Structure formats: structure tokens, C-alpha cells
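Note sheet for the following structure.
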Number of protein chains: 2
Amino acid sequence: MANNLADALLRKIAVSNRLDPEDVGALEKLPIERRAFGARETVVRDGERPTQCCLVIEGFVFRAKTTFDGQRQILSLHIPGEIPDLQSLHLGIMDHDLVTLTQCTLGLVPHDALKQVNRVRPNVAAALWRETLIDAAIFREWMVNVGRRTGLARMAHLLSELRRRLEAIGRASNGAFRLPITQAELGDCLAMSTVHVNRVLQELRRDGLIEVERSAFQLLDQPKLEQLGQFDPHYLHLSPAA
Amino acid sequence: MANNLADALLRKIAVSNRLDPEDVGALEKLPIERRAFGARETVVRDGERPTQCCLVIEGFVFRAKTTFDGQRQILSLHIPGEIPDLQSLHLGIMDHDLVTLTQCTLGLVPHDALKQVNRVRPNVAAALWRETLIDAAIFREWMVNVGRRTGLARMAHLLSELRRRLEAIGRASNGAFRLPITQAELGDCLAMSTVHVNRVLQELRRDGLIEVERSAFQLLDQPKLEQLGQFDPHYLHLSPAA
DNA sequence: CGTGGATTTGAGAGAAATCAAATCATGTGG
DNA sequence: CCACATGATTTGATTTCTCTCAAATCCACG
């Protein structure tokens, strides 16, 4: 089953979970509707009650909240294989937006089908539950990032995290990865202004820690960058044994 | 079964979930070991691999991360009926500390027992999963709070949230609730200095929005306070219908 | 080759941190 | 029952990081 729509999902889940062949089979049989999206399209909106979940097959998406006075906080960035709105399976109402960062191929999976798989295959349910718990673990780390680190450390931390997560699914190597994101959007991830993002990136470049060529990020000195960002990957729970 | 150790849990879960009598029965039969803790005791430490979860029966606990340079970010406050480390059921390794805020009665529930209940009663599994998803929803809102609001709004938001959550379990009425927390701890929740917490509280008092008498909080003008904090409770997912 | 978004630069303003010290409780032991 | 120690709150003064405002490049694309 080389080109199943669930392939990205299976690869991603395999990073943090052990699944039986039967579990894999059940996931491969999920009814997934492929849908193409342009960049910066809102997929699901705050306040809506979705009846399906969105699997990222290709591209990047993010979740965000907008305050009454129009400020935006990006809550998470999502890479292929993730289901950014998996929480809608049990929460019903969205408390934030789901937006494409880039052109995307998303896979729409009906809640009913997911609930059915969860009932029949408890291992799958546990794995999906675990994915939402890792999601929450990343929220916690981002809260620390936004609340307790300087602009420079915040950026170093974010880049270190992305490198690790992208490496785990084979989309980064030697500290190089492609991520089409603007400085304004980085600012919304890190709760800082575009101007400050720009200056922080310049400083990281000046110090020989990174290179950025449009959407091509290159982390030059991983140890130093991770140290600067106080980055400890154990919150990512990347190993299934954990 | 008037005084079961699971009572607080059942009451809390009933706020956001519908359970069958059989589900309730299964939860009541959980083996729960009662343990008393003093204030500011670390219950579970970052990096540990717990084999049980902690149910808050009485008192308050919080979760926190400490950065390499010793700064602390409180990630969440927990009230009776909650299981603050429920994520350990599927994540294995702790990525933060669990600490008592006040004297506490906690109920220790073995992972095995919880996993068994989850297998036998899918409704219970769904409810517990949902609890961890609400936990994550609160993280998201706190991220916005810390990242995007002024000190005054941050404090107003936190107090508004606490009022709602405590009301839901019958521990706040007319905006009054007891919460023994220092200004330094409030600062760690809101990512601001103790000095600033003090000044913000003074401003809220001066404006007639709150009164604080030691650990007794009294919110005087709920609508104004919620407006100031840009507080919209839908992220709390308090109604089961959601 | 113009156009609009993204990036970069400069200067000034502001929210909150830090530093330092005083005051206020609370609880303890003599 | 009071002196004293300890922790929490409060106040004042200064510093700093980051934002805001404004304008200049830069760049991809039609």
C-alpha cells in the first residue's frame, strides 16, 4: 500500500507509538477525503463544530487564536502526518482557528470513522490519545518559551524544535529544512513584533548559528542553538518507549 | 456511596461529560490510595516515570516547568476533582513538575487500573481523554494570555477563569472563592514579576473590580473583569453537550 | 517594469523587569 | 505575652528589552 492517503499519518504515528499490523490496517482503511488548499486559507474556524478531522498530508498548517483587539497568537505549527484538530473528536466546538501556512493537501476524516476505529482497536485509540497529549506537551513548552525566554532564546528554541520534529519524519537533514513562513508569522508564534523577529534572526546569522534563504532554513550549529534556546527535546516524547 | 474517594472526580467529570450509571460504578470501584501532602511539596518531578496518577481530592496543586536559569513558569492550576498528571498514563516520562499549592489530599490511582477501566468502558476512556483535551485547551488560552495581553488583562483573565472553574464544582459563589496563593506564584502563572503582580492587583482593587483578603478572593464586577481580561469561557468546554 | 508583500533600518516610547528597602503578618520560643 | 525571625506585601527609583511608528529596500511575479 505504497501510496495510501494514510501514509503520512502512519509514518508520523510510528515515530511515537508501536502499532500492530492490524492497527496499521485499520488506519489504512480509514475513509479519507483528499482536499487541496491554498496558502493562508482558514480550514476550520473558532466556534465551529466540525464533524471531521484534518490530516496534514502535504504542507504546513497552524492553529491560532485572535484576541478581541486583533492580536494573533499562533498556538502550534503542524507538519505532514499530524492531525491538528484531533481534539475536535471529543471537544465539539473549536476554540481556535486552523489555517494553512502553505499550499496543502489535507485528508478529511469523518469523526464517525475515527470513533469506530477507536472502539474496535484500543491500541489506535491510545496512540491517537497520545498524539493529543504530545500536542499538549508542546503547548506547555511554548508557554514557557513565550513567558520566560528572551527573544533570541525563543527563536533558537522554536527552530531547534522544528528541526527535531521535521527530522523525525524525514523532512530535515543536517539541520536543513524548508519552511515557508514569514517573519510576521514567526512573530505570532513567539509573541514578538516583526521588527524584533528580524533583528533576532540577524543576530543568529551574525553569530553563525543559522542561514535563512527564503524558505530554506539551515541550522549551522545545533548544539549552540539548542543551548541558547534552552532546548531539551524530552518534551517532544519522540520515542515510543517513553 | 456518599463518601467515596472518587466523589470529587465524579463531580468534576460530570461537569463536562455524560456518564452512564455503569461508568460511574466503574470509576467508584477504582483503587484509590489516599495520601496527605503539605503545601509546596513536589508530588511528581520532571523526568520521572510515574506508575500512577494523582487525583486532587482536596486542596490545590499546580504544574510547573523550571528553565535552566531557574525561572519558573506555572503551567496550570488544579482544583478538586482534576487529575493533573493524567497525561502520564500515555506519555510515560514527566516533562514538568507536579507540586501542591496548599495542603492537599490526593488520591493515587495506578495506571494499570485506569487502563483497565478504559478498556472495559469506552465511555470512561472518552471522558478522560476529553479531560486531557480541556487541559490542553486551557494551555492554549494561557499561551495567549502570557503572550498577547497586558499585565492587567492577564490577571483579570486568570481570576475570571478560576471563578468559572471553581463555580462549576461548587467552590465559588457570587465571585467569592478561597485560593491560598502568593503574589510570587501568581507571577509565575502569568509570567510577570512579583512587583508587577502587586501593582496590578492594586489597580484592580482601586478600580473596584476585586477584593483580596489573604486567600479570600472576591470578584466584585464580573462583567467588567471579564471584559478587561478579554475572557470568553468557551475554551473551558464546561458543558457536556459541547 | 511596475506593484504589493516581505524584509530591513532607524529612532523614540513604553510596559515591565530589576534592584533595594521598608512595612506588614505570622508564628515561635523564651 | 512579647521579642524575634521569616516570609509576604508594598513602595520607590532605575534600567532594559521590546514595541511602535515610519520609511527605505528588496524581491517575486504578472
Side-chain angles (χ1 to χ4, degrees), chain A residues 38-41 67 69-74 99-103 144-158 178-206 210-217 228-229, chain B residues 38-41 67 69-74 99-103 145-158 178-206 210-217 228-230:
Chain A
R40 279 85 192 183
E41 273 189 57
T67 62
D69 54 324
Q71 293 188 92
R72 186 173 70 168
Q73 176 68 46
I74 291 182
V99 187
T100 60
L101 179 64
T102 63
Q103 268 196 203
V144 176
N145 212 30
V146 163
R148 291 300 183 189
R149 290 196 255 260
T150 65
L152 199 65
R154 285 218 275 282
M155 181 66 76
H157 191 283
L158 176 62
R178 215 184 67 84
L179 177 70
I181 191 171
T182 66
Q183 294 183 359
E185 286 155 349
L186 283 172
D188 286 343
C189 291
L190 301 171
M192 54 202 226
S193 70
T194 310
V195 171
H196 199 221
V197 166
N198 185 275
R199 292 184 168 131
V200 161
L201 285 175
Q202 284 180 52
E203 186 167 351
L204 290 175
R205 278 188 293 232
R206 199 163 42 244
I210 65 166
E211 275 172 9
V212 190
E213 178 75 30
R214 310 226 32 77
S215 62
F217 286 81
L228 182 60
Chain B
R40 278 89 192 180
E41 273 191 58
T67 63
D69 54 323
Q71 293 188 91
R72 186 173 70 168
Q73 176 67 47
I74 291 183
V99 187
T100 60
L101 180 64
T102 62
Q103 269 197 201
N145 211 31
V146 163
R148 292 301 183 188
R149 290 196 257 261
T150 66
L152 200 66
R154 287 220 272 284
M155 181 66 76
H157 190 283
L158 176 62
R178 214 183 68 85
L179 177 70
I181 191 171
T182 66
Q183 294 182 1
E185 286 155 349
L186 283 171
D188 286 343
C189 292
L190 300 171
M192 56 202 228
S193 70
T194 310
V195 172
H196 199 221
V197 166
N198 184 275
R199 291 185 170 132
V200 161
L201 285 175
Q202 285 180 53
E203 185 166 351
L204 289 174
R205 278 188 292 232
R206 199 165 40 246
I210 64 167
E211 272 172 11
V212 190
E213 177 74 30
R214 311 226 31 73
S215 62
F217 285 81
L228 182 61
Q230 308 187 315

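Quick caveat, the model's predicted, so the values are computed rather than measured. Below, chain A is the first sequence line, B the second, and so on; all start at residue 1.
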Which nucleotide, [options], lies nearest any side-chain atom of [X]?
| X | options | result |
| --- | --- | --- |
| B/V195 | C/dA20, C/dG10, C/dT8 | C/dA20 |
| A/R199 | D/dC19, C/dT7, D/dG12 | D/dC19 |
| B/S193 | D/dT11, C/dA17, C/dT8 | C/dA17 |
| B/H196 | D/dA28, C/dT8, C/dA16 | C/dA16 |
| A/R205 | C/dT8, D/dT10, C/dA16 | C/dT8 |

Nearest-Å distance for atom pair [atom1]/[atom2], residues [X] and [N]:
| X | N | atom1 | atom2 | result |
| --- | --- | --- | --- | --- |
| B/R148 | D/dC19 | CZ | C1' | 11 Å |
| A/M192 | C/dG14 | CE | P | 22 Å |
| A/R214 | C/dA6 | CZ | C1' | 8 Å |
| A/L152 | D/dC17 | CG | P | 11 Å |
| B/L186 | D/dT10 | CG | C1' | 15 Å |
| B/L204 | D/dT9 | CG | C1' | 16 Å |
| A/Q202 | C/dT9 | CD | C1' | 8 Å |
| B/D69 | C/dA17 | CG | C1' | 14 Å |

For a 4.5 angstrom cut-off between non-hydrogen side-chain atoms, does B/I74 reach B/V99?
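B/I74 does not reach B/V99 side chain to side chain.
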Without swapping roles, check the side chain of [X] against the backbone of [Y] for a donor-acceptor pair under 3.5 Å.
| X | Y | result |
| --- | --- | --- |
| A/R154 | A/R149 | yes |
| B/T100 | B/R40 | yes |
| B/E211 | B/R205 | no |
| B/Q71 | A/R148 | yes |

Is there a side-chain contact between A/N198 and the phosphate of C/dT8, meaning an N or O under 4.0 Å from OP1 or OP2?
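Yes, because at least one side-chain N or O of A/N198 sits under 4.0 Å from OP1 or OP2 of C/dT8.
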So A/T150, base contact, sugar-phosphate only, or nothing? Heavy-atom distance under 4.0 Å.
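Since only primed, P, OP1 and OP2 atoms lie under 4.0 Å of A/T150, the category is sugar-phosphate.
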